[in-house]
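Notes follow the structure.
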Amino acid sequence: MSKIKPQTLKGFRDFLPETMLAREHLMQTARDVYRSFGFAPIDTPALEYTEILLGKGGEESDKQMFRFTDQGNRDVSMRFDLTVPFARFAAQHLNELGTPFKRYHLGTVWRAEKPQKGRYREFVQCDFDTIGTKSNAADIETLMVIHELMDRIGCGEFQIRVNNRKVLNGLLQKLELTEQSVSVLRALDKLPKIGRDAVLAEMEGQSISSTQAIQVLDFAELTGTPAELLTQVEQMVSGNETGETGIAQLRELFEVANSVGLPESRLNLDLSIARGLDYYTGTIYETFLDELPGIGSVCSGGRYDNLAELFTSQPLPGVGASLGLDRLLAAMEELGKLKPSSTPSQILVTVFDPAWTADSFRIAQQLRHSGLAVEVYTDHKKMGKQFQYADKKGIPVVLIAGEDERSAGTWQVKELSSGDQTPILEADLADHLLEMVGKTD
RNA sequence: GUGGCCAUAGUUCAGUUGGUUAGAACGCCGGAUUGUGAUUCCGGAGGUCGCCGGUUCAAGUCCGGUUGGCCACCCCA
């Protein structure tokens, strides 16, 4: 009989334990950080009416949606980010939620785009947002969350680049480029990638005069410390109310970040970042890894004026960001920052003689109740094989009890990395092991 | 969506101008005076060369299609 060929769809992947342990660890870190700032978890369906998801991110995202007709003849689509479903969610549950409302949402999203490294058709986003407030304090807190998250994840040094759409818009107003703002910002976003000349060319192709384009670029290419930049830019937008507001917000943001102790090296004012999506209206954030900038932003976000305008007349301003879990994971894998363990077990209890299996199960259960992750070897094989198994899986400690230990009421505790082993009284075992390996994650 | 590169054991790769039973390393499994692994020694199992079709006496090798991966554009996490 011919077999079905085992295969996965383009851009969709299986995860082996080694990768999955890292994924779950990352997700747990994100949850811990979000919760420590008071964000509450929510979830929404993977599938929504297409009309709900359409029309927010523009034509490009519409094309990227997995869309089909269900068995009840409904036009449905897989969610392609967590923001649009959240907008629907917020509009629908506003009265129960109250504002300001802070939520986090870890969820899988689907995009039918062409896959590349760090870009998949199915991937997990870790979003957090604060809605129902225009306060700059929420913007500042968003920055702090991003920093805390990246710091805790531990994938090397990183840089959070901040900008403010109001500053850009203020400048564009002064240059009378408001009409073309979308194309100007799109072009500007590419500056680090394609360089000044190419951006100039692109802008001139968009009915923007070269004088205007040069002024925009001169602005975007200003360099210096955040404080210096702000002073320079303030002069460029002076007299424009929008621009001045943006400057004030950024100034406060950097001041607070400073007094809270965020390292200056990790925080930058980058006037060239504009974010592709047009719905951002205030502060915007992008996060790059120092060791792997090419993989793109791993955590991005910004402030928007009205999250749910498609669904309700109640205005819902907010600010938030999204951690790209799978992209980050791809980066960590490339940088060799993943732990090689392929099991959550911390301890392997060997079975010296099949007749004594019950003893191994008994001590394992006792240790689990102390918060350890414990596995009992299930095959009747000799000691060497049992150690080999532990070593291969990355289990750091094994327990052995033969005749001598049984009569003495002890277990041999063997640390595989060093080969050292010591007999420990059964009563002291849990404390001893906890000190060695710590509690389960 | 447009353009380009790639596809051989679990993994990383060899494979000579198309020419007999397709190789290596690592990994995996088993064994080396049965209370000790990761180092050493010996042995073994894995591939219809991604898939389908074509050219040819002969295809892993050439051609077309298809699936998947990667890169650029686009866009984005």
Side-chain angles (χ1 to χ4, degrees), chain A residues 2-14 16 18 26 30 57-65 80-83 106-127 146 149 186-187 189-190 193-194 198 202 273-278 285-289 294-301 321-331 334 340 348 350-353 356 377 380-406 411-421 423:
Chain A
S2 78
K3 302 291 185 194
I4 297 165
K5 185 182 173 190
Q7 58 181 346
T8 52
L9 286 161
K10 184 202 282 282
F12 288 73
R13 301 162 298 156
D14 286 329
L16 271 55
E18 204 169 295
L26 270 185
E59 283 173 38
E60 201 53 49
S61 47
D62 296 354
K63 275 189 289 185
Q64 292 182 354
M65 286 200 308
F80 111 127
D81 67 10
L82 298 177
T83 305
L106 312 197
T108 309
V109 302
W110 294 268
R111 293 185 194 176
E113 67 174 342
K114 203 161 214 168
Q116 274 177 40
K117 187 177 282 301
R119 306 176 65 155
Y120 310 101
R121 290 183 149 190
E122 177 180 61
F123 59 97
V124 168
Q125 290 193 322
C126 308
D127 278 29
I146 295 174
L149 195 52
R186 282 251 158 87
D189 211 33
K190 299 176 196 163
K193 213 166 183 180
I194 63 177
E202 180 165 338
I273 67 159
R275 300 287 301 131
L277 297 178
D278 2 321
Y285 317 84
E286 293 205 328
T287 311
F288 291 86
L289 302 177
I295 202 154
S297 173
V298 293
C299 188
S300 311
S322 177
L323 176 75
L325 185 94
D326 288 279
R327 178 171 285 185
L328 190 62
L329 215 52
E334 190 163 335
L348 177 73
T350 59
V351 177
F352 193 84
D353 185 299
W356 303 337
Y377 194 80
H380 299 325
K381 293 200 175 160
K382 49 180 169 183
M383 283 298 116
K385 284 289 166 208
Q386 304 195 30
F387 293 149
Q388 210 172 60
Y389 171 82
D391 188 53
K392 201 163 291 166
K393 293 276 157 130
I395 305 174
V397 176
V398 294
L399 260 41
I400 312 113
E403 297 276 7
D404 300 347
E405 288 79 9
R406 284 166 63 80
W411 287 81
Q412 292 286 351
V413 175
K414 181 181 173 78
E415 185 183 43
L416 288 180
S417 61
S418 60
D420 296 346
Q421 82 184 47

message: Roughly how many Å apart are C28(B) and U2(B), using the C1' atom of each and rounding to a whole number?
response: 43 Å
task: Considering just the side-chain nitrogens and oxygens of Q116(A), establish if one lies under 4.0 Å of OP1 or OP2 belonging to A72(B).
output: yes
message: So, using side-chain contact (heavy atoms from CB on, under 4.5 Å) as the criterion, who are the partners of S418(A) when residues are at least two apart?
response: E415(A), D420(A)
- prompt: How would you list, by chain and number, every residue that makes a side-chain hydrogen bond (donor to acceptor under 3.5 Å, both in side chains) with T287(A), sequence neighbours excluded?
  reply: none
field: A77(B) base / E113(A) side chain donor-acceptor hit below 3.5 Å
entry: yes
task: Look at the side chain of R111(A) and the base of C76(B), then say whether one donor and one acceptor between them are separated by less than 3.5 Å.
output: no
field: Integer-rounded Å distance: U67(B) P and R121(A) CZ
entry: 11 Å
message: In the structure I gave you, are the side-chain heavy atoms of I146(A) and Y285(A) within less than 4.5 Å of one another anywhere?
response: yes
message: Nearest whole Å is fine: how far is G1(B) P from M65(A) CE?
response: 15 Å
message: Without decimals, in angstroms, what is the distance between K393(A) NZ and C28(B) P?
response: 11 Å
field: Span that lies between the P atom of C52(B) and that of C29(B), in whole angstrom
entry: 32 Å
Whole-Å P distance, G30(B) and A7(B): 35 Å
task: For the residue pair R13(A) and T8(A), establish whether any side-chain heavy-atom pair is separated by less than 4.5 Å.
output: no
- request: Determine the Euclidean distance between corresponding P atoms of U61(B) and U16(B); express it in Å to zero decimal places.
  value: 11 Å
message: Would you say that F387(A) contacts L348(A) through its side chain, given a criterion of any heavy-atom pair below 4.5 Å between the two side chains?
response: no
message: If I take atom CZ in residue F288(A) and atom P in nucleotide A77(B), what distance separates them, rounded to the nearest angstrom?
response: 11 Å
field: Integer angstrom distance from the C1' of G60(B) to that of A14(B)
entry: 12 Å
query: Which letters describe nucleotides 29-39 of chain B, given B = protein heavy atom under 4.0 Å from base, S = only from sugar-phosphate, - = neither?
result: SSSS--BBBB-
Atom-to-atom span, CD of E122(A) to P of G69(B) - whole angstrom: 13 Å
task: Please figure out whether L323(A) or P115(A) has its closest RNA chain B nucleotide nearer the 5' end.
output: P115(A)
statement: Whole-Å distance, Q7(A) CD to G69(B) P, equals 11 Å
- prompt: Looking only at atom P, what distance separates A22(B) and G3(B), rounded to whole Å?
  reply: 39 Å
- request: Using the P atoms only, state how far C62(B) lies from G19(B), rounded to an integer number of Å.
  value: 11 Å
- request: Name the residue closer to the 5' end of RNA chain B, choosing between V298(A) and F12(A) according to the nucleotide with the nearest heavy atom.
  value: F12(A)
- prompt: Starting at CZ of R13(A) and ending at C1' of U67(B), how long is that distance when rounded to a whole Å?
  reply: 19 Å
statement: Taken in chain and number order and not counting sequence neighbours, the residues that satisfy ring pair (Phe, Tyr, Trp, His ring centres under 6.0 Å) with Y389(A) are Y377(A)
message: Let's go through K382(A) and F352(A) carefully: what are the C-alpha distance in whole Å and the side-chain angles of both, what is the deciding distance for side chain to side chain contact (heavy atoms under 4.5 Å, CB included) to 0.1 Å, and is it a yes or a no?
response: CA-CA 8 Å; K382(A) 49 180 169 183; F352(A) 193 84; over 6 Å; no
Protein-nucleotides 2-12 of chain B N/O pairs closer than 3.5 Å?
| from | atom 1 | to | atom 2 | distance (Å) |
| --- | --- | --- | --- | --- |
| U2(B) | O4 | K114(A) | NZ | 3.2 |

For F123(A), side-chain contact (heavy atoms from CB on, under 4.5 Å) partners two or more places apart: V109(A), R111(A), Q125(A), D326(A)
task: Please measure how far the C1' atom in C76(B) lies from the corresponding atom in G53(B), and state the result in whole Å.
output: 38 Å
message: So, using salt bridge (Lys or Arg N to Asp or Glu O under 4.0 Å) as the criterion, who are the partners of E113(A) when residues are at least two apart?
response: R119(A)
query: Of all residues at least two apart in sequence or in a different chain, which pass the side-chain contact (heavy atoms from CB on, under 4.5 Å) check with Q388(A)?
result: K385(A), K392(A)
- request: Quick one: do L149(A) and L323(A) satisfy side chain to side chain contact (heavy atoms under 4.5 Å, CB included)? Show the steps, please.
  value: CA-CA 9 Å; L149(A) 195 52; L323(A) 176 75; 4.1 Å; yes
Watson-Crick and G-U pairing of RNA chain B written in dot-bracket, each distance under 3.5 angstrom, with | for inter-strand partners: (((((((..((((.....[...)))).(((((.......))))).....(((((..]....))))))))))))....
d(CZ, R119(A); P, C74(B)) in whole Å: 11 Å
query: Taking O4'-C1'-N9-C4 for purines and O4'-C1'-N1-C2 for pyrimidines, is G47(B) syn (within 90° of 0) or anti?
result: anti
- request: Check salt bridge (Lys or Arg N to Asp or Glu O under 4.0 Å) between R121(A) and all other residues, then give those that pass, not counting sequence neighbours.
  value: none
- prompt: For E405(A), which residues count as a side-chain contact (heavy atoms from CB on, under 4.5 Å) partner, sequence neighbours excluded?
  reply: A401(A), T410(A), Q412(A)
